[in-house]
Every structure is written in structure tokens, then in C-alpha cells.
Amino acid sequence: MSAQLARFGITLLGMVAAGAAFWGLVSGWGWLAAIAIFFAAGAVADLVFRRLASKETIRSDLEDRVRNPD
């Protein structure tokens, strides 16, 4: 459960940072920074999840994604 919580927390922090970058940078760089931060946070969240989760947790997560694509 802690691996999923860590993934959720990193994703949430990434969204907050992307929003702050978007609203903080007035020019067109705000869009670019927000998109870059969002994708980087997603990659880091996935990396941390795979490091912390057991093989069974990873397997059940993938099965859940396949059965419930929404």
C-alpha cells in the first residue's frame, strides 16, 4: 500500500508544481514548463512505485488497469 501512496503523492505534487509553473510564468514558457513537470512527475512516480512495490502488487496493478481501462 505504501508504494501506491508514494505514487499518488508524487503525482499530486507534480500536478501542484505544474500548476504553479503554469500560473507563475506569464509567457508561453508556462505551458512548456507545466507539461514538462507533469510528464517528469509521472515518470518519477512510476519509477518509485516499481522500486517500492512487490512483484505481486505490480502484477495486480497491471491486471486492474487491463480489466478497468477507465
Side-chain angles (χ1 to χ4, degrees):
M1 188 64 168
S2 65
Q4 292 173 343
L5 185 60
R7 180 172 57 180
F8 176 72
I10 292 169
T11 303
L12 187 62
L13 286 175
M15 286 194 291
V16 169
F22 175 75
W23 292 110
L25 298 173
V26 179
S27 65
W29 291 105
W31 282 98
L32 183 63
I35 291 170
I37 291 170
F38 184 75
F39 281 117
V44 170
D46 189 51
L47 180 70
V48 169
F49 175 74
R50 293 194 178 274
R51 287 271 196 166
L52 294 176
S54 67
K55 291 185 184 214
E56 183 61 35
T57 304
I58 294 171
R59 181 183 171 138
S60 66
D61 181 61
L62 291 173
E63 285 178 358
D64 185 49
R65 288 182 187 206
V66 169
R67 289 191 179 134
N68 303 314
D70 295 22

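Bear in mind the structure is a predicted one, so any value in this text is a computation, not a measurement.
Between S60 and T57 the shortest heavy-atom distance is OG-O, 3.0 Å.
Counting only residues at least two apart or on different chains, no salt bridge (Lys or Arg N to Asp or Glu O under 4.0 Å) pair has a member in residues 25-44. Listed by first and then second residue, the salt bridge (Lys or Arg N to Asp or Glu O under 4.0 Å) pairs that reach into residues 12-36 come to none, sequence neighbours excluded. Annotation: ring-ring contact (aromatic ring centres under 6.0 Å, His included) contacts involving residues 34-70, sequence neighbours excluded, are absent. For residues 30-43, no residue pair satisfies the side-chain hydrogen bond (donor to acceptor under 3.5 Å, both in side chains) rule, not counting sequence neighbours.
With sequence neighbours left out, R50 forms a side chain to side chain donor-acceptor pair (under 3.5 Å) with no residue at all. Scored by the side chain to side chain donor-acceptor pair (under 3.5 Å) test, E56 finds no partners at all (sequence neighbours excluded).
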Sequence neighbours excluded and cut-off under 3.5 Å, please list the side-chain donor-acceptor pairs for residues 6-25, or say none.
from	atom 1	to	atom 2	distance (Å)
R7	NH1	D61	OD2	3.3
R7	NH2	D61	OD1	3.2
T11	OG1	R7	O	2.8

